[in-house]
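Predicted model only: the values in this text are computed from it and were never measured. Hydrogens, waters and symmetry mates are skipped; everything else that's a heavy atom, side chains included, is used. Each ligand, and each atom within it, is numbered from 1 in the order the structure gives.
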Amino acid sequence: MAVLVTGGAGYIGSHMVLALIDAGHDEVVVLDDLSTGFDWALPPEVTLVRGDVADQSLVAETIRRHRIDALAHFAAKIVVPDSVSDPLGYYLANTVKSRALIEAAIGAGVRHVIFSSTAAVYGEPAIVPVPEDLAPNPINPYGRSKLMTEWMLEDAARAHGISYVALRYFNVAGADPRGRSGQSTPNATHLIKVATQAALGKRGQLEVFGTDYPTPDGSCLRDYIQVSDLAAAHLVALNHLRGGGDSLTLNCGYGRGYSVLEVIDVVKSVSGVDFPVKLSPRRPGDPSRIIAGADRIRAELGWVPQHDDLRAIVTQALAWEEALGRRNLR
Ligand SMILES: NC(=O)c1ccc[n+]([C@@H]2O[C@H](COP(=O)([O-])OP(=O)(O)OC[C@H]3O[C@@H](n4cnc5c(N)ncnc54)[C@H](O)[C@@H]3O)[C@@H](O)[C@H]2O)c1
Ligand SMILES: O=c1ccn([C@@H]2O[C@H](COP(=O)(O)OP(=O)(O)O[C@H]3O[C@H](CO)[C@@H](O)[C@H](O)[C@H]3O)[C@@H](O)[C@H]2O)c(=O)[nH]1
């Protein structure tokens, strides 16, 4: 059996590839256009097909040639504020291209799909921690573009007899504890990444986007999940589907929120650097608080996180950022 990982050269996808290799799965094939990913992030035993997920003939040929039964679909555009300024670009990348991929994959014989969805489908939830059965209500084009793909997958799975797990990731952070991969995107916008860059002097300061939210300290609350824990959730989802399990939609988070200001304190404490912080206006598209209802994935898949520790997550992110500096990458 073989798995096709779209976006496998990216941050989270590369950790999924490592998890599959570590688990001894027969064959791992990555489809990636390297728009934000890196071929060097892939171990040598992986086959990289460089191309677009919407190239249906490439997708079909790849699936048939490698006898792929399962698709893990990570490839996407991922920056919430960019989706506000370029909504049509996000609907193309995350919705239209996913439609083409799903169609080609089902046509070529894929039986199982794991989809990278997002907490952004909930928007500004009335309940936190947010349970999966709360009606989605995204407040930015990124969340909408992903929700539409969840719906396409649900409908296509029912019509064509395949099974899927849609994993709604909360805020993904940290790096492979063995130092093999991490968040490498230049000009990344994610808080922990940006804060580690500020601590290492790669950025002059860190901006806090909004201090007037209805939260205890006025900054936004997020649920930060460690990236290898998230990859492990994909592995148990894959085993569930291959074992004949039903389609599922599951949150991936720890069920606890940290404010932006709390995260900054931890990065300062772990790094020992009191980098400059600027209090700035709100960023477009940001919900004030988003925390996972985290019970269902444990109950359905038996997933047990191993890295639920913000200090450890920050330590890994710092170590990876230093390693990137040594590789002369930003
Ligand atoms: N990072 C987070 O906190 C977070 C949270 C929720 C959901 N997600 C989802 O997780 C997935 C992976 O995110 P990431 O943080 O690893 O991002 P990333 O940018 O590091 O990875 C995306 C990968 O997809 C590739 N790609 C993009 N468009 C492509 C296309 N059309 N064809 C082929 N390859 C393409 C890129 O080159 C890159 O390797 C995304 O679907 C994202 O929406 C991420
Ligand atoms: O330099 C920065 C960067 C971020 N933030 C704030 O930090 C929080 C987290 O922001 P960020 O790390 O950019 O993540 P999100 O915008 O919450 O989005 C991430 O988490 C979502 C799930 O919650 C995913 O869907 C997205 O793909 C992923 O980028 C937000 O309040 C931001 O305003 C700052 O204050 N300063």
Side-chain angles (χ1 to χ4, degrees), residues 5-16 30-39 41-42 48-55 58-59 72-83 90 92-94 96-98 100-101 115-122 130 138 140 142-143 145-146 149 167-173 181-185 188-195 197-198 203 205-211 213 215 219-225 227 230-231 234 251-253 257-261 263-264 277-292:
V5 182
T6 75
Y11 171 44
I12 306 169
S14 65
H15 289 80
M16 171 65 168
V30 166
L31 173 60
D32 199 300
D33 66 3
L34 302 184
S35 53
T36 58
F38 301 94
D39 51 4
L42 296 171
L48 170 64
V49 177
R50 187 169 179 176
D52 194 303
V53 295
D55 182 341
L58 179 65
V59 169
H73 178 33
F74 292 85
K77 285 180 180 281
I78 68 157
V79 180
V80 170
D82 288 356
S83 80
Y90 271 68
L92 174 62
N94 296 352
V96 176
K97 290 191 177 191
S98 292
L101 171 71
F115 173 56
S116 302
S117 188
T118 166
V121 301
Y122 295 114
V130 55
N140 52 55
Y142 170 73
S145 71
K146 287 279 181 174
T149 300
L167 294 175
R168 293 175 174 167
Y169 314 161
F170 284 63
N171 288 56
V172 188
S181 193
Q183 165 61 278
S184 309
T185 321
T189 55
H190 292 93
L191 176 64
I192 290 180
K193 166 92 177 173
V194 174
Q197 291 181 325
R203 295 183 188 235
Q205 65 176 15
L206 178 72
E207 282 188 81
V208 176
F209 298 127
T211 51
Y213 285 100
T215 58
S219 67
C220 292
L221 294 174
R222 295 288 184 275
D223 184 341
Y224 294 90
I225 176 172
V227 63
L230 180 60
H234 290 69
N251 289 341
C252 292
Y258 290 96
S259 75
V260 173
L261 296 174
V263 169
I264 292 170
V277 171
K278 181 181 171 196
L279 304 184
S280 294
R282 293 183 181 195
R283 198 176 67 171
D286 277 345
S288 64
R289 49 184 193 147
I290 180 90
I291 298 166

Chemist: Identify which of Y213, Y122, F170, F209 has a heavy atom lying nearest to atom 34 (C) of ligand 2.
Modeler: F209
Chemist: Could you list the atoms of ligand 1 found under 4.0 angstrom from a heavy atom of G37?
Modeler: 36 (C), 37 (O), 38 (C), 39 (O)
Chemist: Could you list the atoms of ligand 2 found under 4.0 angstrom from a heavy atom of I78?
Modeler: 26 (C), 27 (O), 29 (O)
Chemist: Donor-acceptor pair, distance only, cut-off 3.5 Å: does the side chain of S219 make one with the backbone of L261?
Modeler: yes
Chemist: Any idea which of H190, Q183, K193 brings a heavy atom closest to atom 1 (N) of ligand 1?
Modeler: H190
Chemist: Tell me, which protein residue and heavy-atom name are nearest atom 21 (O) of ligand 1, and how many Å apart are they?
Modeler: G10 CA, 3.5 Å
Chemist: Closest non-hydrogen protein atom to atom 3 (C) of ligand 2, residue and atom name please, with distance?
Modeler: T189 O, 3.3 Å
Chemist: Is A9 close enough to touch ligand 1? Criterion: a residue heavy atom under 4.0 Å from a ligand atom.
Modeler: yes
Chemist: With no hydrogens and no angle check, is any side-chain donor or acceptor of Y122 less than 3.5 Å from a backbone partner on A292?
Modeler: no
Chemist: Just going by heavy-atom distances, which of L167, T36, L34, V80 is nearest to atom 18 (P) of ligand 1?
Modeler: T36
Chemist: For atom 36 (N) of ligand 2, find the nearest protein heavy atom and state the residue, atom name and distance (0.1 Å precision).
Modeler: E207 O, 2.6 Å
Chemist: Are H234 and Y169, when compared by the centres of their aromatic rings, separated by less than 6.0 Å?
Modeler: yes
Chemist: How far is atom 37 (O) of ligand 1 from its nearest protein heavy atom, and which residue and atom is that?
Modeler: D32 OD1, 2.6 Å
Chemist: Please report which non-hydrogen protein atom sits nearest to atom 5 (C) of ligand 1, along with the residue it belongs to and the distance in Å to one decimal place.
Modeler: F170 O, 3.4 Å
Chemist: Less than 3.5 Å between some nitrogen or oxygen of V172 and one of ligand 1, yes or no?
Modeler: yes
Chemist: Is A173 close enough to touch ligand 1? Criterion: a residue heavy atom under 4.0 Å from a ligand atom.
Modeler: no
Chemist: Which atoms from ligand 2 have a heavy atom of Y169 less than 4.0 Å away?
Modeler: 22 (C)
Chemist: Can you check whether Y11 reaches T36 side chain to side chain, under 4.5 Å on heavy atoms?
Modeler: no
Chemist: May I ask you to list the atoms of ligand 1 that are less than 4.0 angstrom from any heavy atom of Y142?
Modeler: 6 (C), 7 (C), 8 (N), 9 (C), 42 (C), 43 (O)
Chemist: Run the numbers for me: atoms of ligand 2, each under 4.0 Å from some heavy atom of A119, listed by number.
Modeler: 22 (C), 23 (O)
Chemist: Tell me if a side-chain donor or acceptor on T6 pairs with a main-chain N or O of A75 at a distance below 3.5 Å.
Modeler: yes
Chemist: Note the single closest protein heavy atom to atom 22 (C) of ligand 2, along with its residue, its atom name and the distance in Å.
Modeler: N171 OD1, 3.5 Å
Chemist: Taking C-beta and beyond as the side chain, do R50 and D39 meet within less than 4.5 Å on heavy atoms?
Modeler: no
Chemist: Should the proximity of K97 to ligand 1, defined as any heavy atom under 4.0 Å, be assigned to the side chain, the backbone, both, or neither?
Modeler: side chain
Chemist: Which residue holds the protein heavy atom closest to atom 35 (C) of ligand 1, what is that atom called, and what is the gap in Å?
Modeler: D33 OD1, 3.1 Å
Chemist: Provide the number and element of each atom of ligand 2 under 4.0 Å from a heavy atom of C220.
Modeler: 31 (O)
Chemist: Less than 3.5 Å between some nitrogen or oxygen of I290 and one of ligand 2, yes or no?
Modeler: no
Chemist: Using modelled atom types only, decide if a donor and an acceptor are shared between the side chain of K146 and the backbone of A119 within a distance under 3.5 Å.
Modeler: no
Chemist: Using a strict cut-off of 4.0 Å, indicate which atoms of ligand 2 neighbour a heavy atom of V208.
Modeler: 35 (O)
Chemist: Please state which option from F74, Y169, Y224 has its nearest heavy atom closest to atom 10 (O) of ligand 1.
Modeler: Y169
Chemist: Can you figure out which of R168, R222, R283 has its heavy atom closest to atom 11 (P) of ligand 2?
Modeler: R283
Chemist: Which protein heavy atom lies closest to atom 31 (N) of ligand 1, and at what distance to 0.1 Å?
Modeler: D52 OD1, 3.4 Å
Chemist: If I apply the N/O under 3.5 Å rule, does L191 come out as touching ligand 2?
Modeler: yes
Chemist: Is the closest side-chain heavy-atom distance between Y142 and N94 below 4.5 Å?
Modeler: yes
Chemist: Distance from Y258 atom OH to D223 atom CG, nearest 0.5 Å?
Modeler: 9.0 Å
Chemist: Write out the residue and atom name of the closest protein heavy atom to atom 23 (C) of ligand 1, then the distance separating them to 0.1 Å.
Modeler: G7 CA, 3.5 Å
Chemist: Can you find a heavy atom in the side chain of F209 that is under 4.5 Å from one in the side chain of L191?
Modeler: no
Chemist: Can you tell which of I78, T118, T149 gets a heavy atom nearest to atom 17 (O) of ligand 1?
Modeler: I78
Chemist: Side chain of K193, backbone of Q183: donor and acceptor closer than 3.5 Å?
Modeler: yes
Chemist: Does ligand 1 have an atom under 4.0 Å from some heavy atom of G51?
Modeler: yes
Chemist: Considering the heavy atoms of V194, write down every atom of ligand 2 situated less than 4.0 Å from one of them.
Modeler: 1 (O)
Chemist: Looking only at distances, please establish whether an N/O atom of ligand 1 is found under 3.5 Å from an N/O atom of F38.
Modeler: no
Chemist: To the nearest 0.5 Å, what is the distance between CG on L167 and OG on S117?
Modeler: 8.5 Å
Chemist: Using a 4.0 Å cutoff against the non-hydrogen atoms of A75, which atoms of ligand 1 qualify?
Modeler: 24 (O), 26 (N), 29 (C), 34 (N), 35 (C)
Chemist: I need the atoms of ligand 1 closer than 4.0 Å to a non-hydrogen atom of S117, numbered in the order shown.
Modeler: 6 (C), 7 (C)
Chemist: To check your reading of the model: name the closest protein heavy atom to atom 32 (C) of ligand 2, its residue, and the distance in Å.
Modeler: D286 OD2, 3.5 Å
Chemist: Looking only at protein heavy atoms, identify the closest one to atom 6 (C) of ligand 2 and say how far it is in Å.
Modeler: V260 CG2, 3.8 Å
Chemist: Could you tell me the residue and atom name of the protein heavy atom closest to atom 27 (O) of ligand 2, and the distance to it rounded to 0.1 Å?
Modeler: Y142 OH, 2.8 Å
Chemist: Quick one: does V53 get a heavy atom under 4.0 Å from ligand 1?
Modeler: yes
Chemist: When you measure from atom 20 (O) of ligand 1 to every protein heavy atom, which one gives the shortest distance, and what is it?
Modeler: Y11 N, 2.8 Å
Chemist: Hey, does the side chain of D32 reach the backbone of A9 with a donor-acceptor pair shorter than 3.5 angstrom?
Modeler: yes
Chemist: Using atom types as modelled and distance alone, determine if a side-chain donor or acceptor of N251 lies under 3.5 Å from a backbone N or O of V130.
Modeler: yes
Chemist: Would you say the side chain of L58 lies within less than 4.5 Å of the side chain of L31, judging by non-hydrogen atoms?
Modeler: yes
Chemist: Given side chains that start at C-beta, do those of R222 and I192 come closer than 4.5 Å, heavy atoms only?
Modeler: no
Chemist: Centre of Y213's six-membered ring, under 6.0 Å away, within 45 degrees of the axis: is that where NZ or CZ of R289 sits?
Modeler: no
Chemist: Considering only non-hydrogen protein atoms, determine which one is nearest to atom 24 (C) of ligand 2 and report residue, atom name and distance to 0.1 Å.
Modeler: T118 OG1, 3.5 Å
Chemist: Which residue and atom name correspond to the protein heavy atom nearest atom 28 (C) of ligand 2, and how close is it?
Modeler: H190 NE2, 3.5 Å
Chemist: Please tell me if the side chains of L101 and H73 come closer than 4.5 Å, counting only heavy atoms from C-beta onward.
Modeler: yes
Chemist: When you measure from atom 16 (O) of ligand 1 to every protein heavy atom, which one gives the shortest distance, and what is it?
Modeler: I12 N, 2.8 Å
Chemist: Mark up the atoms of ligand 1 that fall under 4.0 Å of a heavy atom belonging to S35, in ascending order.
Modeler: 26 (N), 27 (C), 28 (N), 36 (C), 37 (O)
Chemist: For ligand 2, note which part of L206 has a heavy atom under 4.0 Å away: side chain, backbone, both or neither.
Modeler: side chain
Chemist: With heavy atoms of K146 as the reference, note each atom of ligand 1 found under 4.0 Å away.
Modeler: 40 (C), 41 (O), 42 (C), 43 (O)
